[in-house]
J.: 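Mind looking over this structure? Questions follow.
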Amino acid sequence: MTWLALTWIALAFALWRYGQRHTDDFNRLFGFTLALVCVLAGLVAAPMALKMVVLTALIVYPSCLPSDRVLKPSCPKFCLLRHQCRNPP
C-alpha cells in the first residue's frame, strides 16, 4: 500500500507542476483537478505515518518557483532554493 500511495502522491506533484506551467485555463484547471484527485487517492491509500508526513509537508513546504521569483523578488523564509532568489531593490 505504501508504494501505491507514494505513486499517487508523486503523480499529484507532477500534475500540479503541469498545471502551473500552462497558460491555457482549461489545461490549468484540468491539471489542478487531477492533482487534487491524485493526492486525495494517495492519502486514502497511505498508512497513518505517511499521511502525517505528507500533510505536514504540504503545510510547511513553501512555494518557491522561478515564476514566483520573477513576480516577487523575495522568496519565502524557508525556501530551499533561496540562493537563486534576487534581493529586493
Side-chain angles (χ1 to χ4, degrees):
M1 280 307 248
T2 304
W3 287 108
L4 180 64
L6 289 174
T7 304
W8 279 111
I9 293 168
L11 184 61
F13 179 75
L15 286 169
W16 185 263
R17 295 299 299 244
Y18 171 80
Q20 287 179 336
R21 294 173 197 257
H22 283 279
T23 56
D24 181 30
D25 288 336
F26 177 75
N27 285 338
R28 288 178 66 101
L29 180 64
F30 187 67
F32 291 151
T33 304
L34 283 179
L36 179 64
V37 169
C38 288
V39 79
L40 290 176
L43 286 175
V44 167
M48 185 56 77
L50 185 59
K51 286 180 187 180
M52 291 300 156
V53 169
V54 169
L55 289 175
T56 303
L58 287 174
I59 292 170
V60 174
Y61 186 73
S63 172
C64 185
L65 300 173
S67 60
D68 291 340
R69 290 191 300 275
V70 171
L71 297 176
K72 303 173 200 169
S74 60
C75 287
K77 185 177 179 184
F78 297 110
C79 179
L80 297 177
L81 302 174
R82 196 168 191 176
H83 65 278
Q84 294 180 2
C85 299
R86 294 183 287 147
N87 293 328

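What you are looking at is a predicted structure, and each value in this text was computed from that prediction instead of being measured.
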J.: Give, for atom OH of Y18 and atom CG of N27, the distance between the pair rounded to the nearest 0.5 Å.
T.: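 Y18 OH to N27 CG: 4.0 Å, rounded to 0.5 Å.
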J.: In terms of hydrophobic clustering (I, L, V, M, F, W, Y; side-chain heavy atoms under 4.5 Å; direct or indirect links), are L4 and L34 co-clustered?
T.: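 Looking at the clustering, L34 is in the same group as L4.
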J.: Following the transitive rule for hydrophobic clusters with a side-chain heavy-atom cut-off under 4.5 Å over Ile, Leu, Val, Met, Phe, Trp and Tyr, establish whether V39 and M48 coincide in one cluster.
T.: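 No: no chain of side-chain contacts under 4.5 Å links V39 to M48.
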J.: Decide whether W3 and V54 are clustered together by the hydrophobic rule: side chain heavy atoms of Ile, Leu, Val, Met, Phe, Trp, Tyr closer than 4.5 Å, transitively.
T.: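 Yes.
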J.: Hey, any chance V37 and F26 share a hydrophobic cluster, counting ILVMFWY side chains that come within less than 4.5 Å of each other, even indirectly?
T.: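 V37 does not cluster with F26.
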J.: Distance from W16 atom CH2 to R28 atom CZ, nearest 0.5 Å?
T.: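 Output value for this atom pair is 9.0 Å.
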J.: Step by step, would you call T7 with L11 a side-chain contact (heavy atoms from CB on, under 4.5 Å)?
T.: CA-CA 6 Å; T7 304; L11 184 61; 5.6 Å; no
J.: On a heavy-atom basis, which atom in A5 and which in A45 lie closest, and how many Å separate them?
T.: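 Closest heavy-atom pair between A5 and A45: CB-C, 3.9 Å.
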J.: For the CG atom of L43 and the CE atom of M52, what is their distance to the nearest 0.5 Å?
T.: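 Between L43 CG and M52 CE, I get 10.0 Å after rounding to 0.5 Å.
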J.: Hydrophobic cluster membership, with links at side-chain heavy-atom distances under 4.5 Å among I/L/V/M/F/W/Y: are L50 and L55 in one?
T.: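 Result: yes, single cluster for both.
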J.: Can you confirm whether more than 12 heavy atoms, excluding those of F32, are under 6.0 Å from its CZ atom?
T.: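 Buried by this count: over 12 neighbours within 6.0 Å.
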J.: How many angstroms lie between CD1 in I9 and SG in C38, if you round to the nearest 0.5 Å?
T.: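 One gets 10.0 Å once the value is rounded to the nearest 0.5 Å.
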